[in-house]
Amino acid sequence: MIKSDLFTTLQQGPLRHLEPLEQEIFCTRLELFLPDVERPLRRLYAHLPNFDHWLEKFIAIAARAYATRPAALRQLDLRRVHQPDWFQQPDMLGYVAYPDRFAGTLRGVGEKIPYLKDLGVTYLHLMPLLKPRPGANDGGYAVMDYRAVRDDLGSMADLSDLAAQLRAANISLCIDLVCNHTAKEHEWAQKAAAGDPTYQAYYHMFPDRALPDQYEMTVREIFPEFKSGSFTYYEAFDKWVWTTFNEFQWDLNYANPAVFGEMLDILLFLANQGVEVLRLDAVAFMWKRMGTDCENQPEAHAILQALRALSRIAAPGLLLKAEAIVPPPQLVPYLGQGEATNKECEIAYHNVFMVMLWSSLAEGKVALMTHALQQMPPIPSGASWLTYVRCHDDIGWAVTEEDAAAVGLNGYLHRSFLSDFYSGRFPDTHARGATFQFNPRTNDRRISGSCASLAGLEVSLERQDWRELDLAVRRILLIHSLILAFGGIPLLYMGDEIGLLNDPSYLEDPDLAADNRWLHRPRMDWALAEKRHDWQNVNGRLFQSLRQFIHARKRTPALHAQAGSRPVWTHNEQVFGLLRVSPRGRVLVLANFSPQPQTVPAHRLHELGFGGPRHDQLRDQPLPGWQDITLEPYGTVWLI
Ligand code: GLC
């Protein structure tokens, strides 16, 4: 269909109730972004005889969503379009929480807005809250209805209300959209199980083991302790179903354009509830290709690019966040590369940085971190990292053989060391964590544990060792100071701001007991949080220090996400250096990863352009120029 016909069809169809100007806005955006819509969709579906029909269908979905977008959200769209770098500003601060564990219900979350404001939060990621399957549901990542909220949390109307309340407080709401799989109880899956071929084509189903066996030669097992292999057999309908994660999570088949259409519709529906950021879960797995690991396939990127282009037309205020916890070379493309520059997800988790923080703390050295981060390709100007020290998931040691070898380490042995160190096996370790998903075939071991427990707080409290306790607090602050300075949106994980320890109570719940990631998903301790202004106790010291760092970040324009972020050698193998240089200003971050004081020599500071008079922006105090800088144990400065 030629473009003018398409516009007429839309104006007479989904857009018909809108004012002419509103129609015009849609058509202008469509005209601008149509090539960005078509390019990835062609990559996915051009071989289908009715490609044009699907293209028009997807555009009609976008038009319907646009036509029903509430006025307040259209206003938001306008603001975002006029200030496209809003999420890259240094005043951004994210907070991640389970709504029930943080505040009981969605309404309860609304009541906690003052607490979030006290910290300086501008972005709130509420962990899975759409209706999950009953019983075990992988922490909510097995959704049976994307258009309903989990019963005990409230309703969809409560979600919209909360989004509006947060928006009024200048906090953007982020929720999860699990787009790789549905619960096996989802309506589509139920119909598929009942034998409906239309819905069987929504999933990857096989009559026998022939293809699954072939695929399994190259795919990796994600939860080897929960089940072996990536497929599950169902006797009731005599088929093997692709289940990358748990048995009850069925992978969707995006080779079927109907699946793409459904997900687009859901995505825009959620955007129209006032959700400003969608965390697209497990995107690396969305496309399968025989002979590969079935992760990070070009088509998975095409799906994201098409979703981005269509949402830019219908709801340009929406941000897409990629959850792809994959090695560095595969990670960066989720933020857009080549012809997709600025045309894929706007934000993605910097899991490599997170891993490197823990690796450097364990080793007391920064060579691997410096080298690995130096190797990361640059990201587009319109994209940004999410930096974090902990999240609800385990830590997988994303250390490549090449990076390890470049600094004289053996990748395999280093990863084993890190697992030993953080699971508490390593002699004299300060960390208290647990092994998650040991894979005997590869010896891969991931780690569960809260930030505070991994950083040594739990052990030091137990031993009443006050020197160790001081070091643990310093470690926690050190890694947080780095996620605040790196560039992007720093995410605080609920409870880390007051040093919540591992919580073993999940063992009492049969639906949770098998999954030790619940160790670091505690309930908020509001009694402790009440004491957050008291510097005398360790929790208050953490909260207040973090708050001070957050304020320092907010008043430092040079930390804008668009400013380059370059790790530099400091001539001290225990001190990490990060240089942020842009027209907005220059910042040199120095971070001591050892429990002893460490010095960076004056001549090196001079070479880096910080020889003369300087100021520590973190504590807002002048530092003497022209001399060495000595950092306290686990100490850090932000020089300007
Ligand atoms: C993502 C989630 C994780 C979940 C998995 C499957 O990785 O973060 O918690 O288990 O997807 O949905």
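As the structure lists them, so they are numbered: ligands from 1, and atoms in each ligand from 1. FYI, the numbering just counts along the sequence from 1.
Looking at atom 4 (C) of ligand 1, its nearest protein heavy atom turns out to be Asp138 OD2, 3.3 Å. Regarding atom 7 (O) of ligand 1, its nearest protein heavy-atom neighbour is Glu323 OE2, 2.9 Å. Ranking the protein heavy atoms by distance from atom 1 (C) of ligand 1 puts Asp281 OD1, 2.8 Å first.
Atom CG of Asp444 sits about 9.5 Å away from atom CZ of Phe438, to the nearest 0.5 Å.
Contact annotation: for Phe223 versus ligand 1, heavy atoms closer than 4.0 Å belong to the side chain alone.
Close contacts of ligand 1 with His392, meaning ligand atoms under 4.0 Å from a residue heavy atom, involve 2 (C), 3 (C), 8 (O), 9 (O). Distances below 4.0 Å separate heavy atoms of Arg279 from the following atoms of ligand 1: 2 (C), 8 (O).
Within a 6.0 Å radius of CZ in Arg80, more than 12 heavy atoms belonging to other residues, nucleotides or ligands are found. Sparse packing is recorded around CE of Met217, with 12 or fewer heavy atoms of other residues, nucleotides or ligands lying under 6.0 Å away.
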Apply the test side chain to side chain contact (heavy atoms under 4.5 Å, CB included) to residues Cys179 and Met286: give CA-CA distance (whole Å), side-chain angles for both, the deciding distance (0.1 Å), then the verdict. CA-CA 8 Å; Cys179 43; Met286 285 196 298; 4.0 Å; yes
Tell me, with the steps shown, if Ser419 and Trp397 meet side chain to side chain donor-acceptor pair (under 3.5 Å). CA-CA 8 Å; Ser419 296; Trp397 302 115; 3.1 Å; yes
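Heavy-atom proximity to atom 8 (O) of ligand 1, evaluated over Asp393, Asn137, Thr244, is greatest for Asp393.
For the pair His181 and ligand 1, the shortest N or O to N or O distance falls below 3.5 Å.
Checked for salt-bridge contact, Arg446 and Asp394 meet the test: a charged N lies under 4.0 Å from a carboxylate O.
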